[in-house]
Amino acid sequence: MKIAVYGKAFNQTFLPFIRQVFDALYQHKAEILVHKELNDFISGQPDFNPHNAVFSDYSDLKNKVEVLLTLGGDGTILGTVDLIRDSEIPVIGINFGRLGFLASVNKNDISAAIHALISKQFTLDKRVLLEIESDPIVFKNQNTALNDITIHKRDDAAMITIHAFLNDEFLNSYWGDGIIVSTPTGSTAYSLSCGGPIVIPQSGNFVITPISPHNLNVRPIVVSDNNKLTFKIETRSSNYLISCDSKTEIIDTNSVFTISKANYSFNLIRLNNESYLSTLRNKLMWGLDARNY
């Protein structure tokens with residue numbers, strides 16, 4: 001199996017886990033490509049193979065690897081969206097922190113997880129992506145998001161006004177700090193912290209969640225992901241922010257943004273011993289009796 005390994009620079013405490021990942025891959029005779037940033041980190045460390053093939057971007061991966069393995073957390077997986085784009089290369093994440101919604105393989109289960117991966121004991125969990133378009137173009141060819149797209153005022157700015165349209169029909173004007181448009185995947189991220197609902201993947205929905213709305217009767221709304229959303233921004237300040245997952249740009253004009261479902265999916269690998277619901281229960285500690293703590 002040809003596997004690409006993606007991760008960013010780590011501190012030295014993660015080296016034993018990184019070494020365990022590579023040892024397990026070599027043991028199963030996997031053909032490995034290592035992201036340049038990760039390769040730069042490990043190349044000076046003892047006991048690492050300095051002759052791994054290296055990749056940098058989308059063109060190095062499309063039609064060339066079977067799986068992309070990430071080392072880090074959910075943020076690391078979000079960073080792969082622009083790497084794989086429409087290639088739909090399946091992604092699996094080993095979490096070096098606490099349990100993640102996306103990177104759900106515990107760092108203490110590395111050997112078993114890689115064995116299951118090589119043995120193809122997994123299913124593909126297809127996740128919807130958001131796509132944003134604007135004139136002028138903001139994110140160019142990196143305009144898709146797995147979690148959410150957010151329009152937000154600057155920290156020192158007055159509230160902004162966002163006029164929202166659903167399939168070109170006026171929906172509402174939001175006065176406040178901003179607005180979040182999230183996928184079901186992103187419903188457990190920023191949207192959840194702003195009072196949005198949890199939406200199960202494959203529900204076929206987007207969530208529009210206001211951030212600190214001035215009108216307290218404004219609430220999150222769930223819409224079909226077949227809809228086209230358009231937002232017109234007004235602000236008394238000189239600029240505001242727009243984020244596409246972890247990518248953020250400063251906008252200095254009263255622009256119009258269109259958000260819709262991308263025409264391709266993000267394939268998340270789920271090993272046969274895990275599920276979204278089990279991850280949800282563990283992450284949110286559902287079913288635990290708080291009186292015991």
Side-chain angles (χ1 to χ4, degrees), residues 1-57 60-61 64-84 89-123 125 146 188-189 245-246 266-276 278-285:
M1 180 178 284
K2 197 166 187 177
I3 298 177
V5 184
Y6 173 76
K8 298 183 179 180
F10 302 98
N11 61 50
Q12 299 292 318
T13 59
F14 292 113
L15 275 175
F17 300 108
I18 299 174
R19 184 174 288 110
Q20 189 177 352
V21 169
F22 280 91
D23 287 347
L25 290 172
Y26 293 140
Q27 181 181 352
H28 287 88
K29 296 180 170 54
E31 188 176 348
I32 305 172
L33 281 79
V34 184
H35 187 257
K36 184 180 184 303
E37 191 172 344
L38 175 60
N39 191 68
D40 290 343
F41 173 71
I42 65 175
S43 59
Q45 307 297 332
D47 302 325
F48 277 100
N49 181 2
H51 305 298
N52 290 311
V54 176
F55 73 93
S56 298
D57 55 30
D60 298 327
L61 294 179
K64 297 175 183 177
V65 299
E66 297 173 67
V67 170
L68 181 62
L69 174 67
T70 72
L71 310 180
D74 285 359
T76 308
I77 287 189
L78 293 178
T80 69
V81 173
D82 294 328
L83 274 176
I84 60 177
I89 297 169
V91 178
I92 183 171
I94 296 177
N95 199 311
F96 283 177
R98 293 166 293 191
L99 175 70
F101 283 108
L102 300 174
S104 56
V105 177
N106 189 283
K107 58 182 178 293
N108 296 317
D109 299 326
I110 289 173
S111 295
I114 290 178
H115 174 76
L117 178 65
I118 299 293
S119 303
K120 297 188 177 181
Q121 299 172 8
F122 60 80
T123 57
D125 185 0
L146 177 59
T188 52
D245 277 345
S246 55
F266 185 88
N267 289 320
L268 187 66
I269 289 176
R270 287 286 183 190
L271 300 180
N272 290 348
N273 64 344
E274 63 180 33
S275 69
Y276 175 80
S278 64
T279 300
L280 192 66
R281 287 194 304 272
N282 291 331
K283 186 72 175 178
L284 299 180
M285 296 183 288

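If you're wondering where the values come from, they're calculated on a predicted model, not measured in any experiment. FYI, side chains are in, hydrogens and waters are out, and symmetry mates aren't considered; it's all heavy atoms of this structure.
- Taking all atoms of both residues into account, the shortest heavy-atom contact from I77 to A103 is CD1-N, 3.5 Å.
- Under a cut-off of 6.0 angstrom, the local environment of NZ in K283 is crowded, with over 12 non-hydrogen atoms contributed by other residues, nucleotides or ligands.
- The CD atom of E66 sits 9.0 Å away from atom NZ of K2, with the distance rounded to the nearest 0.5 Å.
- The CG atom of L78 lies 6.0 Å from the CG atom of L102; values are rounded to the nearest 0.5 Å.
- In terms of modelled atom types and a separation under 3.5 Å, the side chain of D60 and the main chain of D57 share a donor-acceptor contact.
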Q: Could you please spell out the steps behind the side-chain contact (heavy atoms from CB on, under 4.5 Å) verdict for L117 and V67?
A: CA-CA 9 Å; L117 178 65; V67 170; 4.1 Å; yes

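- Put simply, the side chain of N267 does not reach to within 4.5 Å of the side chain of I84, judged on heavy atoms.
- Side chains of L68 and T80 form a contact here, defined as non-hydrogen atoms less than 4.5 Å apart.
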Q: Output, in order, the C-alpha distance, side-chain angles, deciding distance and verdict of side-chain contact (heavy atoms from CB on, under 4.5 Å) for K120 and M1.
A: CA-CA 10 Å; K120 297 188 177 181; M1 180 178 284; 3.7 Å; yes

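- For the atom pair CD of Q27 and CG of L25, the computed distance is 10.0 Å after rounding to the nearest 0.5 Å.
- Take R270 and apply the side-chain contact (heavy atoms from CB on, under 4.5 Å) test, not counting sequence neighbours, and it matches S104, T123, D125, R127, L268, E274, Y276, T279.
- Panel note: side chain D109, backbone V105; no donor-acceptor pair is recorded below 3.5 Å.
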Q: For R19 and D23, run salt bridge (Lys or Arg N to Asp or Glu O under 4.0 Å): C-alpha distance rounded to whole Å, both residues' side-chain angles, the deciding distance at 0.1 Å, then the answer.
A: CA-CA 6 Å; R19 184 174 288 110; D23 287 347; 5.6 Å; no

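- Under the 4.5 Å side-chain criterion, counting only non-hydrogen atoms from C-beta, F41 is in contact with Q12.
- Residues D74 and G100 share a closest heavy-atom pair of OD1-CA, 3.6 Å.
- The structure places OG of S275 at 6.0 Å from CZ of R281, a figure rounded to the nearest 0.5 Å.
- Residues I18 and I42 meet the side-chain proximity criterion, which asks for heavy atoms closer than 4.5 Å.
- Nearest heavy atom pair, residue G7 against residue L38, reads O-CB, 3.3 Å.
- Counting heavy atoms from C-beta outward, F55 and L83 have side chains that approach closer than 4.5 Å.
- You'll find the side chain of L33 stays beyond 4.5 Å of the side chain of V5, heavy atoms only.
- You'll find the side chain of I92 stays beyond 4.5 Å of the side chain of T70, heavy atoms only.
- Note that CD1 of I94 is 8.5 Å distant from CD of Q20, once rounded to the nearest 0.5 Å.
- The number of heavy-atom neighbours closer than 6.0 Å to CD of E31, taken from other residues, nucleotides and ligands shown, is 12 or below.
- Taking the side chain as every heavy atom from C-beta outward, V21 and L71 approach each other to under 4.5 Å.
- From N95, atom CG reaches atom CG of N106 across 7.5 Å, with rounding to the nearest 0.5 Å.
- Not counting sequence neighbours, the partners of Y6 by the ring pair (Phe, Tyr, Trp, His ring centres under 6.0 Å) test are H35.
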